[in-house]
Amino acid sequence: MARILLLYTGGTLGMQLSATGYVPSADFAERLDAALSVYPADLLPDYELQTLQPLIDSADLTPASWNQLIATLADVWTTYDGYVILHGTDTMAYTASALSFLLGALDKPVVLTGAQIPMGEPRSDALNNVILAMQAAGHPRAPCEVCIAFHDRLLRGNRARKCRTQGMDAFDSPNFPWLGEAGIHLQFSDIPTLSVGSPDLSPATFEAGHIGVMHCHPGMSPRQVVHQLDEPELRGLVLLTYGVGNPPGLAGQLLTSLRQATERGVAVLNVSQCGQGTVQQSTYVTGARLTDIGVIAGQDITLEAAIAKLAVLLARGQHGQALRDALSHPLRGEMRALAVDSE
Ligand code: ASP
């Protein structure tokens with residue numbers, strides 16, 4: 001029988017209604033034990049639950065929480081066969097992505113899950129999601145990578161997004177097939193597995209304010225561009241462009257400011273605003289100019305994974321060409337391999 005550890009961090013899954021709205025509840029462990037005790041012991045992996053303090057609404061998450069998770073995993077990595085992280089849904093895709101880059105190759109599954117409706121409320125999805133995550137984390141065929149288990153789907157963590165605010169099928173991976181699906185049985189897909197190895201369980205040095213996101217939109221002004229790109233603390237920028245990776249012209253100001261930024265070492269990653277598909281910077285003249293000035297095509301990476309990848313690489317001390325190389329290639333299956341046009 002597999003032995004797994006559940007790490008409870010907060011989120012709707014374990015929340016209860018207070019006079020001022022939903023807040024994380026401290027007695028979740030007892031309530032979960034009671035809810036799971038109705039099942040015969042041999043149908044679920046053996047589990048223990050550890051509560052991380054402070055319990056948070058994941059909207060309040062900072063990279064310090066990623067280091068807290070890494071430190072907790074470091075203490076117990078050799079003890080259990082798999083790990084489940086109970087997490088708020090709002091930033092779960094960021095945490096799954098960040099952990100995938102922080103940990104690197106894994107020899108055990110790490111499965112995040114949460115819920116749209118708190119445990120104990122009518123139609124709650126909490127228990128089903130937790131049970132799916134537990135079965136995946138304790139399964140001998142589970143992929144040794146960071147996954148999200150939600151609404152009968154097992155998703156690659158750094159490919160996943162919270163796509164729906166209300167639907168119970170809140171998570172999907174629009175640019176990547178599901179790793180598994182639970183019908184009567186949990187079935188794993190035949191997707192080639194990622195490299196297996198001992199994880200890097202060392203903390204990373206995150207600095208607030210080093211990463212920016214520039215969301216291109218009709219009506220943005222050259223002044224706004226200069227203001228954001230001239231920020232001296234900026235080390236990495238996700239440029240959210242139209243379609244296959246096209247930025248607006250802005251009378252040349254965007255390209256000028258981007259060139260100045262890349263020349264002083266800011267890594268700029270081009271990610272499409274479209275939820276599905278990939279960046280191809282050479283399709284239009286506007287995009288091709290980005291390649292010329294050193295903007296890196298983010299291929300089909302999600303915004304969440306792009307931010308997390310930049311954050312982790314910078315926090316691990318990467319810079320210059322090594323940083324650019326790491327951003328140009330998939331590290332943990334987060335994007336498709338480099339397209340010819342973006343070389
Ligand atoms: N705000 C909550 C959180 O992310 C939402 C949820 O868990 O579904 O913690």
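When reading the values below, keep in mind they use all heavy atoms of this one structure, side chains included, and skip hydrogens, waters and symmetry mates. Indexing begins at 1, ligand by ligand and atom by atom, following the structure's order.
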Tell me which pairs pass salt bridge (Lys or Arg N to Asp or Glu O under 4.0 Å) where either residue lies in residues 240-262, with sequence neighbours left out.
none

Top protein contact for atom 4 (O) of ligand 1, by heavy-atom distance:
Ser58 OG, 2.5 Å

Please indicate whether His215 has more than 12 foreign heavy atoms, meaning atoms of other residues, nucleotides or ligands, lying under 6.0 Å from its NE2.
yes

Quick test of your reading: applying salt bridge (Lys or Arg N to Asp or Glu O under 4.0 Å), list the pairs with at least one residue in residues 37-59, sequence neighbours left out, ordered by first then second residue.
Arg3-Glu48

Which residue holds the protein heavy atom closest to atom 5 (C) of ligand 1, what is that atom called, and what is the gap in Å?
Thr12 OG1, 3.2 Å

Neighbour count above 12 (heavy atom, 6.0 Å) for His319 NE2:
no

Which of the numbered atoms in ligand 1 are under 4.0 angstrom from any heavy atom belonging to Gly11?
7 (O), 9 (O)

Below 4.0 angstrom from a heavy atom of Ala115, which ligand 1 atoms are there? Numbered from 1 as shown, please.
8 (O)

Is the shortest N/O to N/O distance between His87 and ligand 1 below 3.5 Å?
no

Ranking Leu86, Leu61, Asp57, Thr165 by closest non-hydrogen atom to atom 3 (C) of ligand 1, top hit is Asp57

Would one find an N or O of Lys162, backbone or side chain, under 3.5 Å from an N or O of ligand 1?
no

Show me which atoms of ligand 1 lie under 4.0 Å from any heavy atom of Thr89.
3 (C), 4 (O), 5 (C), 6 (C), 7 (O), 8 (O)

Surrounding OH of Tyr284 (heavy atoms of other residues, nucleotides or ligands, distance under 6.0 Å), is the total greater than 12?
no

Would one find an N or O of Met15, backbone or side chain, under 3.5 Å from an N or O of ligand 1?
no

With the threshold set at 4.0 Å, does a side-chain nitrogen-carboxylate oxygen contact exist between Arg161 and Glu304?
yes

Examine Thr91 against ligand 1 and note whether any of their N/O atoms are separated by less than 3.5 Å.
no

Cationic N near anionic O, under 4.0 Å, Arg316 to Asp200
yes

